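Okay, so here's the structure we're looking at.
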Amino acid sequence: MSIVITGNPGVGKHTITHKIAEMMKLSIVDINEVARDSGLFEQNDDTNDVDVEELEKILKQKISDKDIVVGHLAPYVLRKNQIKIMIVLRRSPYDLIPVYNDRKYSERKIRENTGSEILGVIANDAINRLQEKVFQINVSGKTISEVTKNVMRVIMENEGSEEVDWLELVRKNNDLGKFFVD
Ligand SMILES: Nc1ncnc2c1ncn2[C@@H]1O[C@H](COP(=O)(O)OP(=O)(O)O)[C@@H](O)[C@H]1O
Ligand SMILES: [Mg+2]
């Protein structure tokens with residue numbers, strides 16, 4: 001069973017995965033890389049559609065206990081019996097916007113991804129499929145080394161999941177229109 005790091009684009013998955021892999025002497029399996037190398041991505045405008053059933057089959061052969069698995073598709077392409085623990089990194093939508101601007105995402109892609117983070121789509125889907133194996137860590141306001149420490153603690157102690165509610169924050173700031181309405 002593997003340690004899995006997931007969350008929306010830009011939350012810091014790859015940054016944190018590299019730190020944890022180094023500390024725990026694990027090798028990294030990047031789900032997007034596997035999908036790309038297997039020719040499973042279909043390019044549509046600026047979104048990538050992927051054959052999740054096929055990806056699930058391929059990953060079943062690829063993953064061992066010595067791997068840490070990273071990718072935003074993790075909750076949709078891994079079986080519960082492959083997962084030791086799944087950590088969903090959560091990052092404020094206000095912190096994601098500059099990351100997406102740096103990546104030159106389109107307005108539409110920014111909306112989709114901040115919207116998904118605000119609603120907690122990946123976290124909710126993960127919890128629905130994998131229940132007690134899922135832990136959330138809020139990365140906003142923390143340094144990379146603080147996040148790494150929190151993630152390590154969750155892995156070692158199986159506790160320390162954080163409550164995250166960006167919707168409440170966005171509502172309080174009167175920014176629902178900024179993120180959800182044209
Ligand atoms: N805890 C953090 N605090 C500040 N910046 C961070 C943190 N974690 C990651 N970053 C930065 O955020 C950006 C996105 O990180 P990355 O690891 O590429 O995310 P992902 O793999 O989820 O898309 C990078 O520029 C990275 O250096
Ligand atoms: Mg990444």
Side-chain angles (χ1 to χ4, degrees), residues 2-24 26-38 40-41 43 45-50 52 55 58-59 62-63 67-78 83 85-127 130 134-156 160-166 169 179:
S2 307
I3 294 165
V4 183
I5 308 288
T6 191
N8 276 295
V11 295
K13 295 183 296 299
H14 283 89
T15 306
I16 300 305
T17 298
H18 278 99
K19 299 275 182 199
I20 303 291
E22 203 171 87
M23 291 171 83
M24 299 187 74
L26 299 169
S27 39
I28 297 172
V29 172
D30 181 320
I31 292 174
N32 281 9
E33 251 172 48
V34 172
R36 209 177 299 120
D37 293 349
S38 314
L40 293 180
F41 274 130
Q43 199 75 37
D45 299 331
D46 61 356
T47 63
N48 286 310
D49 285 339
V50 69
V52 288
L55 187 51
I58 292 169
L59 286 168
K62 272 224 153 55
I63 297 170
D67 293 323
I68 181 165
V69 184
V70 57
H72 70 285
L73 293 171
Y76 312 101
V77 295
L78 297 172
I83 300 166
I85 185 167
M86 179 176 284
I87 292 150
V88 187
L89 299 181
R90 303 295 309 274
R91 191 170 194 177
S92 162
Y94 298 99
D95 293 344
L96 288 176
I97 288 173
V99 177
Y100 294 160
N101 283 331
D102 280 352
R103 291 181 180 179
K104 309 267 185 274
Y105 281 13
S106 66
E107 279 298 314
R108 176 165 153 242
K109 194 167 173 182
I110 292 175
R111 282 277 176 99
E112 277 174 9
N113 283 292
T114 51
S116 164
E117 179 61 29
I118 291 165
L119 298 174
V121 173
I122 291 180
N124 283 313
D125 288 346
I127 291 164
L130 307 162
V134 179
F135 291 77
Q136 298 186 69
I137 297 289
N138 177 2
V139 318
S140 281
K142 293 184 191 131
T143 63
I144 290 166
S145 83
E146 284 169 335
V147 174
T148 306
K149 212 161 74 184
N150 288 9
V151 170
M152 279 301 288
R153 190 166 67 97
V154 165
I155 292 170
M156 294 308 183
S161 188
E162 295 179 68
E163 289 287 328
V164 178
D165 189 355
W166 304 132
L169 173 69
F179 289 106

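When a ligand or atom number is given, it counts from 1 through the structure's own listing order. For the numbers below, each heavy atom of this structure counts, side chains included, while hydrogens, waters and symmetry mates do not. Quick caveat: nothing in here was measured; it's all calculated off a predicted structure.
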> Side chain, backbone, both or neither: which part of Val70 has a heavy atom under 4.0 Å from ligand 1?
Replying inline: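 No part of Val70 is near ligand 1 at this cut-off.
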> At under 4.0 Å between heavy atoms, which part of Arg91 makes contact with ligand 1: side chain, backbone, both or neither?
Replying inline: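 Near ligand 1, Arg91 shows its side chain, while the N, CA, C and O stay back.
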Return the minimal non-hydrogen interatomic distance between [X] and [Y], and the atom names on each side.
| X | Y | value |
| --- | --- | --- |
| Glu117 | Trp166 | OE2-NE1, 2.8 Å |
| Val11 | Val139 | O-CG2, 3.5 Å |
| Ile31 | Ala74 | CD1-CA, 3.6 Å |
| His72 | Lys13 | N-CE, 3.8 Å |
| Pro75 | Thr6 | CD-OG1, 3.6 Å |
| Ile122 | Gly7 | CD1-C, 3.7 Å |

Judged by non-hydrogen atoms, does [X] sit under 4.0 Å from ligand 1?
| X | result |
| --- | --- |
| Asn8 | yes |
| His18 | no |
| Gly10 | yes |

> Which N, O or S atom name in His14 marks its closest approach to the Mg ion (ligand 2)?
Replying inline: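 The closest N, O or S atom of His14 to the Mg ion (ligand 2) is ND1.
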>> When you measure from atom 23 (O) of ligand 1 to the protein, is at least one non-hydrogen atom found at a distance under 4.0 Å?
In response: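 Answer yes: something from the protein, a heavy atom, is under 4.0 Å.
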> Within a distance of under 4.0 Å, is there any protein heavy atom near atom 7 (C) of ligand 1?
Replying inline: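 Yes, at least one protein heavy atom sits under 4.0 Å from atom 7 (C) of ligand 1.
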> Just by modelled atom types, is the Pro9 backbone N or O under 3.5 Å from a matching donor or acceptor in the Tyr100 side chain?
Replying inline: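 Pair found, side chain donor or acceptor close to backbone of Pro9.
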For [X], the ligand 1 atoms whose distance to one of its heavy atoms is below 4.0 Å:
| X | result |
| --- | --- |
| Val147 | 1 (N) |
| Thr143 | 1 (N) |
| Lys142 | 1 (N), 2 (C), 3 (N) |
| Thr15 | 9 (C), 15 (O), 16 (P), 17 (O), 26 (C) |

>> Return the closest protein heavy atom for atom 2 (C) of ligand 1 as residue, atom name and distance.
In response: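 The closest one turns out to be Ile144 CG1, 3.6 Å.
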> Of all the non-hydrogen atoms in the protein, which one sits nearest to atom 19 (O) of ligand 1, and at what distance?
Replying inline: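 Checking every protein heavy atom, the shortest distance to atom 19 (O) of ligand 1 gives Gly12 N, 3.0 Å.
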>> Using a 6.0 Å cut-off, check whether atom NZ of Lys19 has over 12 heavy atoms from anything other than its own residue.
In response: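 No, NZ of Lys19 has 12 or fewer neighbouring heavy atoms, counting only those of other groups under 6.0 Å.
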> With the threshold set at 4.0 Å, does a side-chain nitrogen-carboxylate oxygen contact exist between Arg108 and Glu112?
Replying inline: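 Yes, charged N to carboxylate O under 4.0 Å.
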>> For ligand 1, which is the ligand I care about here, please tell me if Pro9 has any N or O atom under 3.5 Å from one of the ligand's N or O atoms.
In response: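 The answer is no, given that Pro9 and ligand 1 share no N or O pair closer than 3.5 Å.
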> Yes or no on side-chain hydrogen bond (donor to acceptor under 3.5 Å, both in side chains) for Glu162 and Asn138, after CA distance, side-chain angles and deciding distance?
Replying inline: CA-CA 7 Å; Glu162 295 179 68; Asn138 177 2; 4.8 Å; no
> Nearest heavy atom to atom 14 (C) of ligand 1: which of Lys13, Glu146, His14, Arg103 does it belong to?
Replying inline: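 Closest candidate by heavy-atom distance is Arg103.
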